[in-house]
Amino acid sequence: MVSENLTDKIVEKVELAAEVGAKVANVVGNAFETTIADVDHSSGTEEATWTNYFLSFGIHFAMVIIVILLKWQYDRNRYRYPKGPRDWRHIKDAISFHRKKRENLLALATDYPDSCTVMTHVGRLVLLNDPTLINEIFIGRADLVSNKVDGYLENQLRYKEGKHIRTGIVFRHQDHNARIIHKALVKHLDNDLVGKRFDSIIQDQLKQIRLSENFDVRRTTFYFSVRLLTTLTCSSGAASTEDKTFELFEKNLYKISKAIHADTFEKSAKTMLTQLTGLSETLDINENVLDYIKTWIQYRRGESNRVAGLSEEETVTSTTKNNDFLDSILNVIDESSPRLDEDDIAACILDIIMHGSEMLKGALSWLLLYVVKYPEEADVCRREARDKNYASFNLSSAESLVHTQAFVKEVLRVSPIVPVVIHSTLEDFKWRKFHIQKRTQFGANIIALHHSVHWKDANNFDVNRWLGDNLSSIPTHSYSPFGFGPRACIAEKHLFNLLTGILAVFLYHNDFEKTGPLPEATSGTFGLANMPPKYSLKATPFTTRS
């Protein structure tokens with residue numbers, strides 16, 4: 001039946017094209033006869049020339065239209081996608097998709113329990129709502145590539161043509177350079193940081209954070225996250241957070257973050273304009289940010305040359321041991337193919353700092369929001385931290401804070417940091433009954449995954465579901481706050497303990513109260529990460545209170 005319908009449509013389009021062609025030929029024939037009959041060699045030469053010109057233009061234009069129609073029909077018949085609100089008559093839904101995504105994602109999961117196709121401001125998106133399909137695509141296929149930065153941060157989309165495909169660490173598509181960089185970062189984190197300097201670095205940053213009587217949560221957590229990620233990424237003197245020029249670097253990153261998370265119709269228009277023109281104010285800021293990062297790389301490589309006694313012209317990898325992420329990337333340059341250059345390394349460093357700080361900022365912002373919304377649960381976590389004498393950060397002992405970790409897991413279930421994980425296809429491929437075109441985006445609906453029917457009372461905030469015997473009822477393959485498989489965050493196995501420890505230190509030393517209206521837990525602005533709307537809190541140190 002489907003085949004017959006397709007055949008009928010093709011025949012209909014071909015007949016239409018033939019009819020248009022016949023009419024064009026008829027017009028041309030009549031015009032030609034008229035030209036022959038009315039030719040006047042003495043007075044009508046110029047008029048005939050213009051007539052022939054317009055006729056020729058009309059014929060070419062008609063042929064172009066015919067070819068476009070035939071190609072459109074061919075692609076329409078060849079590629080098969082899941083049903084969904086993908087027609088352009090749903091332009092309002094497409095424009096608002098990234099504004100009210102939580103409501104849209106839950107509604108789409110209800111209307112299309114398995115999958116659907118949505119036309120968004122960044123193109124066609126196949127949204128997977130079923131846990132089985134999500135795990136099938138995002139863990140089972142190696143030819144898919146994360147596309148988050150392409151759609152939002154834009155630091156590699158148009159920064160250097162062709163580079164973002166093979167160098168960005170967030171584009172883990174089994175490319176050789178992506179693999180060696182990812183492996184080097186994980187190795188550095190596990191072998192050189194965790195259990196050694198990691199605890200002291202985080203504790204130093206926690207001491208410097210300013211929690212006043214009225215602080216902007218998103219701004220405060222962002223600056224904490226940027227300084228922490230910068231310290232972990234480039235610990236040399238050129239990247240010192242005490243450097244005055246570093247303030248400009250932080251401010252520029254914050255401008256990018258604000259632009260990403262602006263929740264207005266104006267942003268919708270700017271986003272679509274960027275897609276069409278390639279021009280964006282965030283790209284201009286990125287130029288300055290990347291220039292700053294390049295000075296770190298040049299400083300480090302120049303330092304290596306001096307230590308090794310080599311000339312500036314010689315290309316070398318880092319031989320000094322700074323034990324940071326930049327070191328781990330420089331150490332694998334000789335293994336890279338094509339060889340990583342300075343632009344590639346700078347793009348990777350920006351990914352680590354910007355992507356990591358957005359994720360950490362988002363998680364801490366949601367945690368503090370739920371602390372104030374559920375003060376009884378926060379008090380239980382605070383008592384646990386006091387009983388365990390958890391006054392300073394320690395990654396390994398954070399696992400003993402069972403209730404605090406359950407609180408963290410439930411917050412990330414209800415308000416995941418990444419509500420949609422997006423990959424895009426590198427080539428055409430067949431999946432189930434569908435024929436998918438290359439560069440089609442696949443989205444794992446994490447909001448739907450965390451609110452699926454497999455969860456008991458999914459809409460209720462319930463810390464107890466992660467405690468004791470209730471753990472056995474946690475549905476498998478229905479919880480993924482940090483990504484999937486080999487494309488997950490490089491620190492995935494440490495993140496629960498990391499967030500648990502930071503929250504426990506906050507609660508051990510401070511009491512948090514609201515200073516104005518609080519956003520709803522169901523709200524959020526979707527950029528590089530899912531963030532609660534801007535809000536402020538009051539932090540009262542217990543030493544002051546007593």
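Between the side chain of Asp457 and the main chain of Asn460, no donor-acceptor pair closer than 3.5 Å is present. Under the 3.5 Å distance criterion, the side-chain polar atoms of Trp455 are matched with a main-chain donor or acceptor of Ser478. A donor-acceptor pair is defined here as one N or O able to donate and one able to accept, closer than 3.5 Å; such a pair exists between the side chain of Glu384 and the backbone of His403. The backbone N or O of Arg218 sits less than 3.5 Å from a side-chain atom of Asp216, completing a donor-acceptor pair.
Ring geometry, Phe222 versus Tyr254: the interplanar angle falls from 30° to 60°, so the pair is classed tilted. The aromatic rings of Tyr370 and Tyr374 lie parallel to each other, their planes meeting at an angle below 30°, with 60° marking the opposite boundary.
To the nearest 0.5 angstrom, Leu105 atom CG is 6.0 Å from Leu127 atom CG. Going from atom CD1 of Ile447 over to atom CG of Asn104 covers 11.0 Å, rounded to the nearest 0.5 Å. Between atom CG of residue Leu229 and atom OG of residue Ser357 there is a gap of 5.5 Å, rounded to the nearest 0.5 Å. Taking OG1 from Thr515 and CD from Glu513, the interatomic distance works out to 10.0 Å, rounded to the nearest 0.5 Å. For the atom pair CZ of Arg432 and OG of Ser115, the computed distance is 8.5 Å after rounding to the nearest 0.5 Å. The distance from the NE2 atom of His355 to the SG atom of Cys348 is 13.0 Å, given to the nearest 0.5 Å.
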Would Arg227 and Glu250 count as a side chain to side chain contact (heavy atoms under 4.5 Å, CB included) if you check the C-alpha gap in whole Å, the side-chain angles of each, and the deciding distance to 0.1 Å? CA-CA 8 Å; Arg227 286 175 172 259; Glu250 285 184 307; 2.8 Å; yes

Audit row: Asp511, Arg382, salt bridge (charged side-chain N to carboxylate O under 4.0 Å, His left out) steps and yes/no: CA-CA 9 Å; Asp511 184 33; Arg382 183 177 288 109; 3.7 Å; yes

Does the pair Lys433 and Arg80 meet the rule for a side chain to side chain contact (heavy atoms under 4.5 Å, CB included), with working shown? CA-CA 8 Å; Lys433 60 181 180 180; Arg80 314 292 290 169; over 6 Å; no

Tell me, with the steps shown, if Asp462 and Lys456 meet salt bridge (charged side-chain N to carboxylate O under 4.0 Å, His left out). CA-CA 10 Å; Asp462 184 9; Lys456 183 179 179 181; over 6 Å; no

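Annotation: cation-pi geometry not satisfied between Lys538 and Phe215 (NZ/CZ under 6.0 angstrom from ring centroid, within 45° of ring axis).
Between the side chains of Asn470 and Asn464, not a single donor N or O lies within less than 3.5 Å of an accepting N or O. A donor-acceptor contact under 3.5 angstrom links the side chains of Ser365 and Thr221, judged on distance only.
Pro519 and Pro533 get closest at one heavy-atom pair: CB-CD, 3.6 Å.
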